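Notes to accompany the following structure.
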Amino acid sequence: MPRANDAVEAVLLEYADLLSILSDDPFKPRAYEKAARAVAGYPADIAGFDLKQILQIPSVGRSIGEKIHEFLQTGTISALEELRAQIPPGVREMIRIPGLGPKRAMVLYRELGISSVDELLRAIEEGRLAGLRGFGAKTAENIRAGIERLRGAGGRVLISVAADLAELLEGRLRDVSGVERIAHAGSLRRMCETIGDLDLLVASRDPTPVMEAFTSLPEVERVLAKGDTKSSILTAQGLQVDLRVVQPEAWGAALIYFTGSKAHNIRIRELAVRKGLKLNEYGLFRARSGRLVVAATEEEVYERLGLPWIPPTLREDRGEIEAALEGRLPELVTERDIRGDLHTHTNLTDGLATLAQ
DNA sequence: GCCGTTTTCGGCCCGACTGTTTTCAGTCG
Ligand SMILES: Nc1nc2c(ncn2[C@H]2C[C@H](O)[C@@H](COP(=O)(O)OP(=O)(O)OP(=O)(O)O)O2)c(=O)[nH]1
Ligand SMILES: [Mg+2]
Ligand SMILES: [Mg+2]
């Protein structure tokens, strides 16, 4: 049985998308996204909730709360209908194109009347983006390639597929000169069931040869971006791989950053701010002076934030921060706990006892 | 739009890469 929370999450995310297209204030759509996450992660089914109960949900205030209430009562939200009247569904689809966001989607709609991915592709092929402010030849080609990617996207892959690719690529990069450490991060390290892309982290004093090696691997179909510390490629199978290279001293902070999740990162960065600190992928710093506090290991960074080391599988901002702060993290079963698997044989194979016995 | 034992107003995570930008916005991780 799907919960009402799922439908509410979907309308709040749609509201956030439409606001990001229409509004200049980036914090408003983010507030709707955050509320959508909170509703999705709320333990109870909110079907039939009254306004007072709805307002118990974190990140849901008066404005969003009333919209949720209206949706639960009537199945629609009048304010959402008003936004829908201003932005065709196809324009919202356009922001799914990798590299095209809400701002430029709005320019295309407003200036050229483009209101679907199909129309956009035709406009690019007919050269109609030329002359539009902020849309040069490269941008048009990038959007065209983005549409191809969107269309050909096989979506997320099973963790086993990503794990195999990770092993292959890590093996290749490990031998590059200057590589001191290598690990996979992102959703693969968190052991999510499906993986959107592969995230690899390398520690090296000399990033340039690592980036060169990475972007010229035989598995590379196309280089999406290539910089001094970060590059992205696309494999022939259409899977994206992101590589981040940091100095060995920053390994722990970088591993925390790249392991995520995004929501977990934001929560622990907020904790840092409240302590007069700043957390990024290079380390934990004093906010005022900018002086480094710690960076080398995950344990040290978490400890200075007042937290125990949190297992990657829990880093989803689904209560692990609160649990960690209270010292109530669950003891997870790890490989070291597994002494063997309890099993027996029956006379159906090579045993003596029957199955019933 | 949400939220707060410093605060009910003024912040909101923080930084890399790209393109066309004459100095930075947009998009993404
Ligand atoms: N601080 C911060 N970190 C981010 C943000 N977006 C992504 N990250 C970090 C945490 C993510 O786990 C990590 C890798 O990003 P991805 O987009 O690949 O996400 P992830 O691997 O978690 O999920 P995926 O299966 O790829 O969809 O980068 C962000 O907006 N802020
Ligand atoms: Mg990923
Ligand atoms: Mg990624």
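Source: prediction; values computed, not measured. Computation of the quantities below employed the complete heavy-atom set of this structure, encompassing side-chain atoms and omitting hydrogens, waters and symmetry-equivalent molecules. Note on naming: letters A, B, ... go to the chains in the order of the sequence lines (proteins, then strands), and numbering restarts at 1 for each one.
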> Now, which nucleotide makes the Watson-Crick or G-U wobble pair with dT8(B), with each of the two distances under 3.5 Å?
Replying inline: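 dT8(B) is paired with nothing.
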
When the [atom1] atoms of [M] and [N] are compared, how many Å lie between them, rounded to an integer?
N	M	atom1	result
dT5(B)	dG1(B)	C1'	23 Å
dC13(B)	dC28(B)	C1'	14 Å
dT27(B)	dT20(B)	C1'	16 Å

>> Apply the hydrophobic cluster definition, ILVMFWY joined by side-chain contacts under 4.5 Å directly or through others, and give me every member besides Leu234(A).
In response: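 Its cluster partners, ordered by chain and number, are Leu224(A).
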
side-chain hydrogen bond (donor to acceptor under 3.5 Å, both in side chains) involving [X] - partner list, sequence neighbours excluded:
X	answer
His264(A)	Tyr302(A), Glu320(A)
Arg151(A)	Asp118(A)
Arg84(A)	Glu14(A), Glu81(A)
Arg156(A)	Thr194(A)

>> Below 4.0 angstrom, which residues in residues 124-135 of chain A have at least one non-hydrogen atom near DNA chain B?
In response: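 Output list: Phe135(A).
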
How long is the line joining [atom1] of [X] and [atom2] of [N], in whole Å?
X	N	atom1	atom2	result
Asn142(A)	dG19(B)	CG	C1'	9 Å
Ile64(A)	dG1(B)	CD1	C1'	6 Å
Leu271(A)	dC12(B)	CG	P	15 Å

> For Glu148(A), what residues pass the salt bridge (Lys or Arg N to Asp or Glu O under 4.0 Å) criterion, not counting sequence neighbours?
Replying inline: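 So Glu148(A) forms a salt bridge (Lys or Arg N to Asp or Glu O under 4.0 Å) with Arg144(A).
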
Pairs under 3.5 angstrom, nitrogen or oxygen only, protein versus nucleotides 3-9 of chain B, please.
from	atom 1	to	atom 2	distance (Å)
dC3(B)	OP1	Ser59(A)	N	2.6

>> With a 4.0 Å cutoff (strictly under), does any side-chain N or O of Asn280(A) reach OP1 or OP2 of dG15(B)?
In response: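 For Asn280(A), the contact criterion (side-chain N or O under 4.0 Å from OP1 or OP2 of dG15(B)) is met.
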
>> Checking Ala40(A) now: which residues fulfil side chain to side chain contact (heavy atoms under 4.5 Å, CB included) with it, not counting sequence neighbours?
In response: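 With neighbours one apart ignored, the set is Glu9(A).
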
> With sequence neighbours excluded, what pairs up with Asp206(A) under the side chain to side chain contact (heavy atoms under 4.5 Å, CB included) test?
Replying inline: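 Listed in chain order: Ser204(A), Thr208(A), Pro209(A).
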
> Pairs in or reaching into residues 19-67 of chain A: which pass ring pair (Phe, Tyr, Trp, His ring centres under 6.0 Å), with residues at least two apart or in two chains?
Replying inline: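 Passing the test, one end in residues 19-67 of chain A: Tyr15(A)-Tyr32(A).
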
>> Within the 4.0 Å limit for protein heavy atoms, which parts of nucleotides 24-29 of chain B are touched? Write it as a string from 5' to 3', B for base, S for sugar-phosphate only, - for none.
In response: --SSSB

> Side-chain contact, heavy-atom cut-off 4.5 Å: Leu72(A) with Ile54(A)?
Replying inline: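 Side-chain contact under 4.5 Å: yes.
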
